[in-house]
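To start, the structure itself, in structure tokens.
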Amino acid sequence: QVQLVESGGALVQAGGSLRLSCAASGGTFSSYHMGWFRQAPGKEREFVAAVTGSASRTYYADSVKGRFTISRDNARNTLTLQMNSLKPEDTAVYYCAAKSDGLGSLGNKNNYPYWGQGTQVTVSS
């Protein structure tokens, strides 16, 4: 079973950048597909980005495409989300999540059994 710990959340002005990290332990990191999700107050948790276990494919929500980049380092058991050109609507708690192969699409939060505790990102206008 994998454990996940996010870091890097902060308060940033609109147009700025942040880099979120997710450290994984307790499992074979490269065997898990990884995703970033976010949840704003009063809203459902939504998909942001995902990357396959081998890092061969990445997927993005339309709202972040071209601004955010997901990456992973399987040697260091680390997942990263580089966020550029941040907007106030990006304000949310950001979660990393892990799933094994064969559990459905990477964009569906219900397919991820393992979650971190979240890190707060606040973008001021």
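Among residue pairs with one or both ends in residues 47-62, those qualifying as salt bridge (Lys or Arg N to Asp or Glu O under 4.0 Å) are Asp62-Lys65; sequence neighbours excluded.
Ser71 is not listed as a side-chain neighbour of Gln82, based on a closest heavy-atom distance of 4.5 Å or more. Contact of the Phe29 side chain with the Met34 side chain is registered, since non-hydrogen atoms from C-beta on lie closer than 4.5 Å. Residues Val12 and Met83 are not in side-chain contact: their nearest non-hydrogen atoms beyond the backbone lie 4.5 Å or more apart. With contacts defined as side-chain heavy-atom distances shorter than 4.5 Å, the pair Tyr114/Gln1 qualifies. A heavy-atom distance below 4.5 Å is not found between the side chains of Thr91 and Arg38. Side chains of Val121 and Leu18 form a contact here, defined as non-hydrogen atoms less than 4.5 Å apart. Counting heavy atoms from C-beta on, the side chains of Lys109 and Asn111 never come closer than 4.5 Å. Looking at Leu81 and Val48, their side chains come closer than 4.5 Å, going by heavy atoms from C-beta outward.
Under the 3.5 Å distance criterion, the side-chain polar atoms of Glu6 are matched with a main-chain donor or acceptor of Gly118. With hydrogens and angles ignored, the 3.5 Å screen pairs no side-chain donor or acceptor of Arg72 with any backbone N or O of Ser54. In this structure, the side chain of Thr78 engages the main chain of Arg76 through a donor-acceptor pair within 3.5 Å. The main-chain N or O of Ser105 is never found under 3.5 Å from a side-chain atom of Asn108 such that the two would form a donor-acceptor pair.
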Item to complete: Show your working on ring pair (Phe, Tyr, Trp, His ring centres under 6.0 Å) between Phe37 and Phe47 and close with a plain yes or no.
Response: CA-CA 5 Å; Phe37 293 79; Phe47 169 73; 5.7 Å; yes
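More than 12 heavy atoms of other shown residues, nucleotides or ligands fall within 6.0 angstrom of atom CD in Gln117.
Hydrophobic clustering, defined by side-chain heavy atoms of Ile, Leu, Val, Met, Phe, Trp and Tyr closer than 4.5 Å, leaves Val5 isolated from every other such residue.
Considering Val51, Leu20, Val64 in turn, Leu20 is the only one that fulfils the side chain to side chain contact (heavy atoms under 4.5 Å, CB included) rule with Trp36.
Residues forming a ring pair (Phe, Tyr, Trp, His ring centres under 6.0 Å) with Tyr59 (at least two apart in sequence, or on another chain): none.
Using a 3.5 Å distance cut-off with no hydrogens or angles, the side chains of Asn84 and Ser17 do pair a donor with an acceptor.
Phe68 and Tyr94 have tilted rings, their planes meeting at an angle from 30° to 60° on a 0 to 90° scale.
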